[in-house]
Amino acid sequence: MPGKTGQVPLPPWGNALAGATGAVLANAIVYPLDVVKTRLQVQVRRKPTDPAPLTTNDVHYTSALDAIRKIVDDEGILGLYSGFHGSLIGVASTNFAYFYWYSVVRTLYISSRSLPRPPNTATELSLGAVAGAIAQVFTIPVSVVTTRQQTQPKGDKKGLIDTGREVVNSEDGWTGLWRGLKASLVLVVNPAITYGAYQRLRELCFPGKTNLRPWESFFLGAASKALATIATQPLIVAKVGLQSRPPPAREGKRFKSFIEVMSYIVDHEGPLALFKGVAPQITKGIIVQGLLMMTKERMEILFIVLFAYLRRMKSDRLQKAVEAATSKAKEMLPLDQVKQSMPALIK
């Protein structure tokens with residue numbers, strides 16, 4: 001994270017690039033879990049009296065393992081990677097924007113207040129929320145398209161661009177690309193809790209330590225993400241419901257708000273259904289967050305070394321240029337003196 005004491009600070013884009021790189025690598029490793037948790041979250045448990053399927057897919061999953069098995073049987077192993085490219089684009093853009101704005105906001109806050117020590121937990125949460133809100137406004141369209149891709153039935157698979165056109169051509173028009181924005185803005189408390197908890201746990205568990213070992217970064221990232229996921233799971237489920245196709249039982253009628261999604265789920269399945277998919281969500285979140293923080297710490301060190309190397313190269317080149325100019329000036333000096341003395345010789 002930016003602003004660690006005793007470490008050469010990276011520019012905002014350096015922190016953003018390090019965070020985005022770590023996020024892409026981490027999410028690529030656990031992407032099948034993302035598909036599984038999304039499929040579990042959009043389905044609604046059917047009742048014998050229901051006249052039509054309540055979910056966007058005819059196949060019903062009873063657990064994460066059951067979902068993996070049925071997806072592979074029905075769609076092949078590639079079914080676990082539906083929307084893979086769009087998801088990685090979304091992950092990269094979201095995390096780049098988040099870490100960039102987090103670094104900017106945090107640096108501005110610390111410099112404006114001239115703080116002798118790191119911000120407290122409440123401040124960290126607020127700074128993370130501001131950065132998360134700014135990032136969501138710019139990156140949520142990719143999230144909408146990816147969610148649609150992940151929940152498309154076997155015979156209706158589309159690419160990233162075609163799925164985007166489908167969203168735009170719906171009744172919402174271009175604004176459909178920002179479906180779930182309100183829920184996403186509320187969900188900025190998730191990364192805020194995550195990174196605020198990460199900072200606090202780091203200070204408690206490893207006080208004064210500048211560079212963490214991989215397992216230490218993994219532990220802190222996993223613990224902080226688990227806390228954030230449990231606290232915000234109902235909103236995560238509601239957001240997925242807003243961004244996916246409406247269940248067939250609603251006859252094409254889209255949800256208007258995350259409150260409506262939550263009410264629909266509670267009416268059909270009960271309050272505990274707001275936590276459906278929580279197992280793969282937490283598993284994915286813990287692995288991703290642990291790998292993200294572990295990778296980001298390493299990437300930050302690499303970028304710091306790279307910047308130091310580039311500065312040294314620039315300094316060496318500048319020094320060589322100065323030495324070359326000085327040497328040339330010394331070579332030119334005798335000639336100038338000869339030219340200056342030539343009128344006296346002529347006389």
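For the numbers below, each heavy atom of this structure counts, side chains included, while hydrogens, waters and symmetry mates do not.
Salt bridge present: E269 and K276 bring a charged side-chain N and a carboxylate O closer than 4.0 Å. Between R202 and E216 there is no salt bridge, since none of the side-chain N atoms of the basic residue sits less than 4.0 Å from a carboxylate O of the acidic one.
When side chains are defined from C-beta on, D34 counts as touching S87, because their heavy atoms get closer than 4.5 Å. Under the 4.5 Å side-chain criterion, counting only non-hydrogen atoms from C-beta, S82 is in contact with R39. In this structure, Q149 and K158 have side chains that are not in contact, with every pair of non-hydrogen atoms separated by 4.5 Å or more. Within the 4.5 Å cutoff, no side-chain heavy atoms of V237 are placed close to those of F275. In this structure, E75 and K70 have side chains that are not in contact, with every pair of non-hydrogen atoms separated by 4.5 Å or more. With contacts defined as side-chain heavy-atom distances shorter than 4.5 Å, the pair L177/I140 does not qualify. For the pair L212/F206, a side-chain contact is recorded, criterion being any heavy-atom separation below 4.5 Å from C-beta on.
Applying the side-chain contact (heavy atoms from CB on, under 4.5 Å) test to A64 and every residue at least two apart in sequence or in another chain returns V36, L40, P280. Here D162 pairs with R165 under the side-chain hydrogen bond (donor to acceptor under 3.5 Å, both in side chains) rule; sequence neighbours left out. Applying the side-chain contact (heavy atoms from CB on, under 4.5 Å) test to T175 and every residue at least two apart in sequence or in another chain returns D172. In this view, T229 satisfies the side-chain hydrogen bond (donor to acceptor under 3.5 Å, both in side chains) rule with no residue, not counting sequence neighbours. Scored by the side-chain hydrogen bond (donor to acceptor under 3.5 Å, both in side chains) test, T283 finds no partners at all (sequence neighbours excluded). Taking A28 as the reference, F84, L88 meet the side-chain contact (heavy atoms from CB on, under 4.5 Å) condition, with sequence neighbours excluded. Checked against side-chain contact (heavy atoms from CB on, under 4.5 Å), L274 has the following partners two or more places apart in sequence or in another chain: P234, M262, I265, V266. For Y31, the side-chain hydrogen bond (donor to acceptor under 3.5 Å, both in side chains) partners are Q150, not counting sequence neighbours.
To the nearest 0.5 Å, atom CG of residue L201 and atom CG of residue L227 are 7.0 Å apart. Here the CD1 atom belonging to I77 is positioned 5.0 Å from the CG atom belonging to L80, to the nearest 0.5 angstrom. A distance of 11.0 Å separates OH of Y61 from CD1 of I68, quoted to the nearest 0.5 Å. Note that the CG atom of L181 and the CZ atom of F258 stand 11.0 Å from one another [nearest 0.5 Å]. Distance check: S143 OG to Q136 CD gives 7.0 Å after rounding to the nearest 0.5 Å. Atom CG of L33 and atom CD1 of I282 lie 12.5 Å apart (nearest 0.5 Å).
Applying the salt bridge (Lys or Arg N to Asp or Glu O under 4.0 Å) test to every pair with at least one member in residues 229-244, sequence neighbours left out, gives no pairs at all. Counting only residues at least two apart or in different chains, salt bridge (Lys or Arg N to Asp or Glu O under 4.0 Å) contacts with residues 125-153 comprise R148-E166.
L272 and V240 are members of different hydrophobic clusters when ILVMFWY side chains are connected at heavy-atom separations under 4.5 Å. Residues L65 and I71 do not share a hydrophobic cluster, clusters being chains of Ile/Leu/Val/Met/Phe/Trp/Tyr side chains in contact below 4.5 Å. Both V145 and W174 are part of a single hydrophobic cluster, where members link through side-chain heavy atoms under 4.5 Å apart.
Heavy atoms only, all atoms of each residue included: S244 and V42 are closest at OG-CG1, 3.6 Å. A183 and L242 get closest at one heavy-atom pair: CB-CD1, 4.3 Å. Closest non-hydrogen pair, V24 versus A92, comes out as CG2-CB, 3.6 Å. Nearest approach of F255 to G241, heavy atoms of both residues: CD1-O, 3.8 Å.
Counting only distance, with no hydrogens or angles, the side chain of S93 and the backbone of I89 share a donor-acceptor pair below 3.5 Å. Checked by atom type and distance alone, the side chain of T232 never pairs as donor or acceptor with a backbone atom of L235 at under 3.5 Å. Proximity of a side-chain donor or acceptor of R179 to a complementary backbone N or O of Q243 within less than 3.5 Å is not detected. A distance-only check finds no donor-acceptor pair linking the side chain of W178 to the backbone of P141 [under 3.5 Å]. When atom types are taken as modelled, the side chain of E260 and the backbone of K256 share a donor-acceptor pair closer than 3.5 angstrom.
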Evaluation steps, side-chain contact (heavy atoms from CB on, under 4.5 Å), between R69 and D73:
CA-CA 6 Å; R69 181 179 62 81; D73 289 345; 3.7 Å; yes
Test side-chain contact (heavy atoms from CB on, under 4.5 Å) on L127 and Y109 and set out the steps.
CA-CA 9 Å; L127 296 175; Y109 178 82; 4.1 Å; yes
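Summarising the local packing, CD1 of I161 is surrounded by 12 or fewer heavy atoms from other residues, nucleotides or ligands at distances under 6.0 Å.
Side-chain atoms of S257 and K182 include no donor-acceptor pair closer than 3.5 Å.
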